Amino acid sequence: MRKGSSLGAHLFTSESVSMGHPDKVADQISDALLDSLLEHDPAARAAIETLVTTGLVVVAGEVTVHNQAASDALGRAEDTVRETIRRIGYDDSAGGFDYRSCAVLRAIHAQSPDISQGVTEGEGLHKEQGAGDQGLMFGFACAETESLMPLPIQLAHRLVKQLADLRQNGRIPWLRPDAKSQVTVAYDDGVPTGIHTVVVSTQHTEEALDPKNERLMSGKAKDEIIAKVIRPVIDRECPQLWSNDIIMHINPTGRFVIGGPHGDSGLTGRKIIVDTYGGRGRHGGGAFSGKDPTKVDRSAAYMARHIAKNIVAAGLARQCEVQLAYAIGVAAPVSVSVDCQDTSDLAPTALEQIVRELFPLKPAEIIKYLDLRRPIYFETARHGHFGREGAGFTWEKTHRVADIRAAAGVLQTA
């Protein structure tokens, strides 16, 4: 632990967890299975849950596929599970969990026809493709970072990614896959003014232990985490906020050899705040992983982020939260809400009008607009679903900025 920070402004904290955290192992397995279906059947539907624990993986849920290739992929589910665990880095049976020796139990069955008739176009009461479930979804963006993500969660994600990179490229050979990060940022009038505390807890081999006390991580190993993980991340993301007064907790229990599914069980969908905005804004309660895009828990949450990000990128607000809500089997959202926390000159009703006019909000429209019927989901299941770059993260595009500014100009001059 390092002491000395005297920052007295408002503090806000967010956490992230690594790809090797048990809950994230479960998320990645669920999404790897989803991707294996979408690769052969873009119209496949899935709601797959995973449990991992010592020496065991259980996958369960509902799946609908429409061709033999997708059925064959489902038949190879055990291979997909094992390959996912190998990619994460659990390849040594001495750790109590590895891709070769773990048992894999599968309990996957067909989707309920009662749900299917509300989602399949041309069936059910409403004939249009409806939402796969009822619920409310939130999207958030703010002007704290280039990615328009809150700074605490962005830093937390970058820390666990840095740990993963250093483990995989061998630059810190004693790292193991399980890890957590936490970042506390100081704010003054809504603007980040400093980093108050950084917490990094990472699984490690016995090589990182103090030779004089094997119950504790060595000071040398802790210094390596600061020099190769924490300092480079802050220097890349917000160099002006680096300070020698930042409080740092590196493996604060002293030792983290037992980890991953051997140290704690993991379940799909248990890291919904890590997956979104680190506690900034609100959350509707629905998880993402293992769900195909007809599930608005996923697709509408991505759309809400896209809308909020474009509103902030257009300069209409410094922060923006969008809520979309749906009824199962019904295509149109039951409500659209925009809240900019008094950072916009436009009234919420005006912003909601712009959203309804410019953005497709029915599930089928969202899926087409964001190109979601692709095997893109495994990568989303680690290091956060938002604030990311890459061809799969279509909801992060800000190509509607000009349209939003034009619509706002019309309303302001009306």
Side-chain angles (χ1 to χ4, degrees), residues 27 30-31 33-35 37-39 41-49 61-64 111 115-116 118-121 124 126 128-141 268-269 272 275-277 281-310 321-338 355-356 358-381 384-388 390-397 399-400:
D27 283 344
S30 293
D31 272 338
L33 290 169
L34 171 63
D35 281 351
L37 302 179
L38 292 175
E39 182 179 358
D41 179 5
R45 295 183 191 148
I48 301 172
E49 312 292 343
E62 298 78 45
V63 167
T64 298
Q111 183 185 38
I115 295 174
S116 181
V119 179
T120 303
E121 186 175 357
H126 303 282
E128 284 187 278
Q129 177 181 320
D133 202 350
Q134 71 175 46
L136 50 143
M137 300 84 211
F138 290 94
F140 184 82
T268 300
I272 59 176
D275 284 346
T276 52
Y277 309 102
R282 287 165 283 193
H283 197 292
F288 299 151
S289 290
K291 298 177 181 178
D292 75 88
T294 66
K295 277 67 172 181
V296 285
D297 277 342
R298 182 166 223 161
S299 53
Y302 290 170
M303 192 65 182
R305 160 65 178 173
H306 177 67
I307 295 167
K309 185 174 184 181
N310 275 268
E321 181 181 79
V322 174
Q323 185 202 56
L324 304 174
Y326 293 84
I328 187 169
V330 179
V334 298
S335 69
V336 176
S337 174
V338 180
V355 169
R356 287 184 178 275
L358 294 183
F359 293 95
L361 300 178
K362 295 179 179 179
E365 296 172 343
I366 292 172
I367 291 168
K368 182 178 180 181
Y369 177 86
L370 295 177
D371 195 12
L372 297 179
R373 291 196 184 277
R374 296 179 293 149
I376 58 174
Y377 297 105
F378 174 77
E379 287 300 324
T380 69
H385 291 247
F386 305 121
R388 305 278 300 277
F393 294 87
T394 53
W395 48 92
E396 292 297 314
K397 294 181 179 179
H399 60 292
R400 303 303 303 278

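As the structure is a computational prediction, the values presented were derived from the model and not from experiment. In this chain, residues are counted from 1 in sequence order. Hydrogens, waters and symmetry mates play no part in the numbers below; they use all other heavy atoms, side chains included.
Between Y302 and F288, the distance from one ring center to the other falls under 6.0 angstrom.
Pairing each heavy atom of P333 with each of V336, the nearest pair is CG-CG2, 4.0 Å. Considering all non-hydrogen atoms of both residues, V296 and P363 come closest at CG1-CG, 4.0 Å. L37 and A44 make their closest contact through CB-CB, 4.1 Å (heavy atoms, listed as atom of the first residue, atom of the second, distance).
Looking only at side-chain heavy atoms (C-beta outward), R298 and L34 come within less than 4.5 Å of each other. Residues L38 and R374 fail the side-chain proximity criterion, which asks for heavy atoms closer than 4.5 Å. Side-chain contact between Q323 and L136 is present, with at least one heavy-atom pair separated by less than 4.5 Å. Within the 4.5 Å cutoff, the side chain of H283 has heavy atoms near those of the T276 side chain.
Taking the side-chain contact (heavy atoms from CB on, under 4.5 Å) definition, one finds that D297 meets it with M137, K291, sequence neighbours left out. A search for salt bridge (charged side-chain N to carboxylate O under 4.0 Å, His left out) contacts involving E321 returns R282, not counting sequence neighbours. Applying the salt bridge (charged side-chain N to carboxylate O under 4.0 Å, His left out) criterion to R388, with sequence neighbours excluded, gives no partner residue. Applying the ring-ring contact (aromatic ring centres under 6.0 Å, His included) criterion to F359, with sequence neighbours excluded, gives H306. Partners of Y277 by ring-ring contact (aromatic ring centres under 6.0 Å, His included), not counting sequence neighbours, listed by chain and number: F140, F386.
Side chain of E396 to main chain of F393: no donor-acceptor pair is present (N/O by atom type, distance under 3.5 Å, no hydrogens or angles). A donor-acceptor contact shorter than 3.5 Å is absent between the side chain of S30 and the backbone of G290. A side-chain donor-acceptor contact under 3.5 Å links H385 to the backbone of T380.
To the nearest 0.5 Å, atom CD1 of residue I366 and atom NZ of residue K362 are 11.0 Å apart. With rounding to the nearest 0.5 angstrom, the OG atom of S299 is 8.5 Å from the CG atom of L370. Rounded to the nearest 0.5 angstrom, K397 NZ and K309 NZ are separated by 11.5 Å. Summarising the geometry, atom CZ belonging to R305 is positioned 9.5 Å from atom CG belonging to N310; distances are rounded to the nearest 0.5 Å. Between atom CD of residue E62 and atom CD1 of residue I48 there is a gap of 9.5 Å, rounded to the nearest 0.5 Å. D292 CG to T64 OG1: the interatomic distance, rounded to the nearest 0.5 Å, is 8.5 Å.
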Checking side-chain contact (heavy atoms from CB on, under 4.5 Å) for the pair D35/E39: CA distance, chi angles, key distance, verdict?
CA-CA 6 Å; D35 281 351; E39 182 179 358; over 6 Å; no
Steps toward salt bridge (charged side-chain N to carboxylate O under 4.0 Å, His left out) verdict (D41, R373)
CA-CA 9 Å; D41 179 5; R373 291 196 184 277; over 6 Å; no
Begin from the C-alpha positions of L324 and V322 and carry the test side-chain contact (heavy atoms from CB on, under 4.5 Å) through to its verdict.
CA-CA 7 Å; L324 304 174; V322 174; 4.2 Å; yes
Evaluate D371 against K368 for salt bridge (charged side-chain N to carboxylate O under 4.0 Å, His left out), listing each step before the verdict.
CA-CA 5 Å; D371 195 12; K368 182 178 180 181; over 6 Å; no
For D275 and D27, run side-chain contact (heavy atoms from CB on, under 4.5 Å): C-alpha distance rounded to whole Å, both residues' side-chain angles, the deciding distance at 0.1 Å, then the answer.
CA-CA 10 Å; D275 284 346; D27 283 344; 4.0 Å; yes
Applying side-chain contact (heavy atoms from CB on, under 4.5 Å), run through L372 and W395 and close with a yes or a no.
CA-CA 10 Å; L372 297 179; W395 48 92; 3.8 Å; yes
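Neither side chain, S289 nor T268, offers a donor N or O lying under 3.5 Å from an acceptor on the other.
Sorted by first then second residue, the salt bridge (charged side-chain N to carboxylate O under 4.0 Å, His left out) pairs that include residues 325-336, not counting sequence neighbours, number zero.
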